[in-house]
K.L.:
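Below is a structure I'd like to ask you about.
In what follows, chains are A, B, ... by sequence order, proteins preceding strands, each numbered from 1.
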Amino acid sequence: MVDSVLSFHGRWKSPRVMKHRLVQNQGSKSRGCAQSVNYLEAVDLFVRLHREGLELNSFVFTSILKLLVSVESGEFCRSVHACLYKLGHRSNAFVGTSIIDAYSACGLVDDAREAFDEIIWKDMVSWTGMVTCYAENGVFKEALELFSDMRMGGFWPNNFTLASVFKASLGLEAINLGRSVHGCALKMRYELDPYVGAALLDLYTKLGDMEDAKLVFEEIPKCDVIPWSFMIARYSQHQRSKEAVELFCRMRQSLVLPNHFTFASVLQACGTMADLDLGKQIHCNVLKVGLDSNVFVSNALIDVYSKCGKMENSVDLFEESTNRNEVTWNTLIVGHAQLGHEEKALKLFLQMREDNVQGTEVTYSSVLCACAGLAALKLGTEIHSLTIKTRFDKAITVGNALIDIYAKCGSIKDARVVFEMMSNRDVVSWNTMISGYSMHGLSSEALRIFEYLQKTMIKADKLTFLGVLSACSNTGLLDKGQAYFTSMVHDYCINPCIEHYTCMVALLGRSGHLDRAVRLIEEMPFEPSIMIWRALLTTCIIHNNVELGKMAALHVLELEPHDEATYALLANMYAAARRWDDVASVRNSMKKKGIKKEPGLSWIESQGTVHYFVVGDASHPDIRLIYGMLEWLNMKTKKAGYVPNYEVLLQDVEDDEKPRRLWVHSERLALAFGLIRTPFGSPIRILKNLRICLDCHAAIKCISTVVQREIVIRDVNRFHHFQNGTCSCGDYW
DNA sequence: CGGCAACTAA
């Protein structure tokens, strides 16, 4: 390529001027447009020098090579290298090291090594240059081997060498090697060098523990912002937000000015803690120093507000923002999705595409997550094809989100297909698959996946066991559940958290060991949560233990006096025990406290739109057809032997009104709509915001035989697959 | 002749 440029004839300039210009250009190391203009001009001058047959000395070469570092053009590097070879400059350590550096920037490690081997009199800098080249390009093993060769050759490392060696040790996760080189750095008094210090902090914060890093941090000079930012960032990333904020305060006391790096990191800590007041204070600081226009800082601010549930503030900041990137969009999408504003998240995604902003794997995984929340299978499938088109389906996080959406939309088989197709899986992939099977009540599949997982190099974590235990609890596998719980503690050294205990309480309770469930709650090292009392209450309903159930309900209401779900469960329990006076008193105290039972809401997707139905809904445009279908189903199921269970009504209703009350439950409306609107033979998928009621469960089992269709209902807890008169939950939910 | 830190997701 240089040769083709060499053919250019231009006005002659004195070599001194040319050299001066070359050196000037390399002064600005900024990348981008201006840089490439400078570089073209410089190449032009270089080429003319060559053309005119003027002396190309080592200074000219080092200058042009310095430029090539920022241009990252492998072709040019090779051309200049060839030129050097011809002129015999390759033996010069200065020129040789420059070319190593230029090759290193393009990732051409082998070419760099060739240039390194050509240097006859290697000095410490050329050794260091090559070690750095390996370390920067991720060839860590070679970096360390070359470092050892260098030492054998009698060369002492300097601060540059040490920083690269620490980087390579980090890359190989060789903490002990890092520690011994740290000793070497101490001996040579290089530990005070800012770059060595940063490399050490990087090493210890990632491989050792934060305490080692802290020791290093306390030793090194702290008048510069970088070590502070470094530690604050790491504390934030390690979820040690409090320490991050403390360090930020200490930094301010030391009169070191925070920059955009520092603010972005400390704001991340605010977000993790969801500390709105602190976030606002730091927001003021940001405004004061005028860093609010920095993308990283403004993204972090948007995230803080969204994590504190203040989406309005996030949206305002987003709309005011002058600098946006794809992360800005993602932050807002993720914020909406996490707060359950799925539609807003999806709308924003469409807007993002209209604005021609390219999505990333974060975009796709969070948008898929929003679809999973809505169980919008059709839309999810469309986005799935979009990820195939953009190749983001290869990203692990997107694959995980795809497993999740198919599982949560009721297509557990498709979830498995995605899982099998993934070329790389992480622990989240396995966890998602296990909890997917568990949600569907397919505990044997869930446990089989867990067995496979144990044969891989991936380590099971807390969430894996949560999936395994909930699989056991969903199907009442008492012995297995207990064995896994013990194994988790003993073989995997995982301390059970309250969610694990909740699974165990549900499992023990369901299996009829209510006394052991209570004992477990008493013995566990946590304050009982609402969830665990609710789990106990649910099992009390199954086993008709009214007194214990009442106790559990009181505990929930102590923690959360307005918990409507608990009132509903309590009423159900009294109804199951036929204690109608108590049902009435529960309803009275709800009335007194102004608590309304959350109305049952079911929804179903048809041709890309979601249709919602509440109890007794009459607002749907197809309502006449729907009621006609319900009428027909009522007749057919009665003939097939379905007997309505009026106890679930929990209210004093006139007898002739009772059947109608049951048939307008939201899931039946959605089901009737589904039967009208979906092709014969296809499965019908319905979602519900509450637990499916006992009578609907019985009716739908019967309907699945009458209409010969597979009916899938997802309620708050799990999936029910109805087919040929049975349900996958085995009537145990 | 050379190297450090930041925002989103699971």
Side-chain angles (χ1 to χ4, degrees), chain A residues 26 58-59 61-63 65-66 69 92-102 104-105 115 119 122-133 135-136 158-167 193-202 205 220 224-234 236-237 258-268 271 291 294-304 306-307 323 325-335 337-338 359-369 395-401 403-404 426-429 431-432 463:
Chain A
Q26 72 114 66
S58 50
F59 294 101
F61 276 109
T62 49
S63 301
L65 285 165
K66 265 194 166 182
V69 170
N92 179 311
F94 279 68
V95 178
T97 312
S98 307
I99 200 146
I100 290 172
D101 201 36
S104 174
I119 302 171
K122 299 175 179 69
D123 63 5
M124 182 252 275
V125 179
S126 22
W127 282 97
T128 301
M130 196 57 222
V131 171
T132 306
C133 171
E136 292 283 317
N158 69 358
N159 44 350
F160 287 92
T161 333
L162 291 171
S164 295
V165 170
F166 289 134
K167 191 174 223 173
D193 179 84
Y195 295 104
V196 173
L200 274 170
L201 290 181
D202 208 14
T205 49
I220 61 177
D224 191 67
V225 61
I226 288 178
W228 291 99
S229 302
F230 208 116
M231 286 304 278
I232 293 170
R234 289 295 190 268
S236 304
Q237 288 155 8
N259 63 10
H260 42 284
F261 285 96
T262 333
F263 278 121
S265 302
V266 77
L267 283 168
Q268 191 191 6
L291 282 172
N294 177 280
V295 211
F296 287 99
V297 177
S298 84
N299 289 349
L301 276 170
I302 292 173
D303 190 47
V304 168
S306 91
K307 289 224 168 77
N323 289 318
N325 61 9
E326 66 286 348
V327 177
T328 322
W329 288 89
N330 290 348
T331 310
L332 212 56
I333 290 175
V334 167
Q338 304 252 314
T360 68
E361 56 181 275
V362 178
T363 322
Y364 287 103
S365 62
S366 42
V367 167
L368 285 167
C369 193
I396 295 190
T397 51
V398 175
N400 295 346
I403 299 175
D404 198 40
D426 61 8
V427 68
V428 180
S429 326
N431 293 352
T432 313
L463 293 174

K.L.:
In terms of side-chain geometry, is the basic nitrogen of A:R234 or A:D202 positioned less than 4.0 Å from the acidic oxygen of its partner?
P.N.:
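So A:R234 pairs with A:D202 through a salt bridge.
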
K.L.:
Between B:dA9, B:dT8, B:dA5, which nucleotide gets closest to the side-chain atoms of A:T331?
P.N.:
B:dT8

K.L.:
Over all strands shown, is A:N159 touching base, sugar-phosphate only, or nothing at heavy-atom distances under 4.0 angstrom?
P.N.:
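The answer is base, as A:N159 lies within the cut-off (heavy atoms under 4.0 Å) of a base atom.
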
K.L.:
Listed by chain and number, what are the ring pair (Phe, Tyr, Trp, His ring centres under 6.0 Å) partners of A:W127, not counting sequence neighbours?
P.N.:
A:F116, A:F155

K.L.:
Would you classify A:T397 as touching base, sugar-phosphate or nothing, given that sugar-phosphate means primed atoms plus P, OP1 and OP2, and contacts are heavy atoms under 4.0 Å?
P.N.:
base

K.L.:
Report the distance from atom CG of A:L201 to atom P of B:dA6, rounded to the nearest whole Å.
P.N.:
12 Å

K.L.:
Tell me what A:N323 touches on the nucleic acid: a base, only sugar-phosphate, or nothing, going by heavy atoms under 4.0 Å.
P.N.:
nothing

K.L.:
B:dA5 C1' sits how many Å from A:N294 CG, rounded?
P.N.:
13 Å

K.L.:
Determine whether a donor-acceptor pair (N or O, by modelled atom type, separation under 3.5 Å) exists between the side chain of A:T331 and the backbone of A:D303.
P.N.:
no

K.L.:
Scan A:N400 against the nucleic acid and name what it touches under 4.0 Å (heavy atoms): base, sugar-phosphate only, or nothing.
P.N.:
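A:N400: no heavy atom of the nucleic acid under 4.0 Å.
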
K.L.:
Is any side-chain N or O of A:T97 under 3.5 Å from a base N or O of B:dC1, one able to act as donor and the other as acceptor?
P.N.:
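Indeed, a donor on one side and an acceptor on the other fall under 3.5 Å apart.
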
K.L.:
Could you state the atom-to-atom distance from CH2 of A:W228 to P of B:dA6 in whole Å?
P.N.:
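My rounded result for the distance is 17 Å.
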
K.L.:
Look at all strands and tell whether A:V125 reaches a base, only sugar-phosphate, or nothing, counting heavy atoms closer than 4.0 Å.
P.N.:
base

K.L.:
Are any of A:K307's side-chain N or O atoms less than 4.0 Å away from OP1 or OP2 of B:dA9?
P.N.:
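True: A:K307 side-chain N/O within range (under 4.0 Å) of B:dA9 OP1/OP2.
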
K.L.:
Please report the distance, rounded to the nearest Å, between CH2 in A:W329 and C1' in B:dC7.
P.N.:
17 Å

K.L.:
Between A:Q338 and B:dA10, is there a contact of a side-chain N or O with OP1 or OP2 at under 4.0 Å?
P.N.:
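Answer yes for this pair, as a side-chain N or O of A:Q338 is under 4.0 Å from OP1 or OP2.
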
K.L.:
What integer distance in Å separates A:Q268:CD from B:dA6:P?
P.N.:
9 Å

K.L.:
Starting at atom CD1 of A:I99, determine the distance to atom P of B:dG2, rounded to an integer number of angstrom.
P.N.:
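Checked: the CD1 to P distance equals 14 Å.
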
K.L.:
So which nucleotide from B:dG2, B:dG3, B:dA9 ends up closest to the side chain of A:T128?
P.N.:
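Closest nucleotide to the A:T128 side chain: B:dG2.
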
K.L.:
Classify the side chain of A:N259 versus the base of B:dA6 as yes if they form a donor-acceptor pair under 3.5 Å and no if they do not.
P.N.:
no

K.L.:
Measuring from the side chain of A:N299 (C-beta onward, heavy atoms only), which nucleotide among B:dA6, B:dC7, B:dA9 has the closest atom?
P.N.:
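For the A:N299 side chain, the nearest candidate turns out to be B:dC7.
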
K.L.:
From B:dT8, B:dG3, B:dA6, pick the nucleotide closest to the side chain of A:R234?
P.N.:
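Comparing B:dT8, B:dG3, B:dA6 against the side chain of A:R234, the answer is B:dA6.
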
K.L.:
Heavy atoms only, 4.0 Å cut-off, all strands: where does A:N158 land among base, sugar-phosphate and nothing?
P.N.:
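Base: the residue A:N158, judged by heavy atoms under 4.0 Å, touches a nucleobase.
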
K.L.:
Please state how far atom CD in A:Q237 lies from atom P in B:dC7, giving the value in whole angstrom units.
P.N.:
5 Å

K.L.:
For A:I100 and A:A115, which heavy atoms make the closest approach, and how far apart are they?
P.N.:
CG1-CB, 4.3 Å

K.L.:
Taking only the side-chain heavy atoms of A:S98 (C-beta and beyond), determine which of B:dA9, B:dC1, B:dG2 contains the nearest atom.
P.N.:
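Out of B:dA9, B:dC1, B:dG2, the nucleotide with an atom closest to A:S98's side chain is B:dC1.
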
K.L.:
Write down the distance between CD (A:E136) and C1' (B:dG3), rounded to a whole number of angstrom.
P.N.:
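Checked: the CD to C1' distance equals 6 Å.
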
K.L.:
Between A:K66 and B:dC1, does any side-chain N or O lie under 4.0 Å from OP1 or OP2?
P.N.:
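Yes.
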
K.L.:
Nearest to the side chain of A:Y195 - B:dC1, B:dA9, B:dG3?
P.N.:
B:dG3

K.L.:
Looking at every strand, decide which applies to A:F230 at a 4.0 Å heavy-atom threshold: base, sugar-phosphate, or nothing.
P.N.:
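Answer is sugar-phosphate: A:F230 comes under 4.0 Å of backbone atoms only.
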
K.L.:
Between A:N158 and A:T161, is any side-chain donor less than 3.5 angstrom from a side-chain acceptor?
P.N.:
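There is such a pair between these side chains.
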
K.L.:
With centres under 5.5 Å and planes under 30° as the test, does A:F160 stack with B:dG2?
P.N.:
yes

K.L.:
If you check the A:D123 side chain, which of B:dA9, B:dC1, B:dC7 turns out closest?
P.N.:
B:dC1

K.L.:
Looking across every strand, which nucleic acid part, if any, lies under 4.0 Å from A:A233 by heavy atom: base, sugar-phosphate, or nothing?
P.N.:
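It contacts sugar-phosphate atoms only.
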
K.L.:
Nearest of B:dG3, B:dA10, B:dA9 to any side-chain atom of A:V428?
P.N.:
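Looking only at heavy atoms from C-beta outward on A:V428, the closest nucleotide is B:dA10.
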
K.L.:
Looking at residues at least two apart in the chain, or sitting in another chain, which of them share a side chain to side chain donor-acceptor pair (under 3.5 Å) with A:E136?
P.N.:
A:K167

K.L.:
Between A:N159 (side chain) and A:L162 (backbone), is there a donor-acceptor pair under 3.5 Å?
P.N.:
no

K.L.:
Taking the minimum atom-to-atom distance to the side chain of A:V327, which one of B:dA10, B:dA6, B:dC7 wins?
P.N.:
B:dC7

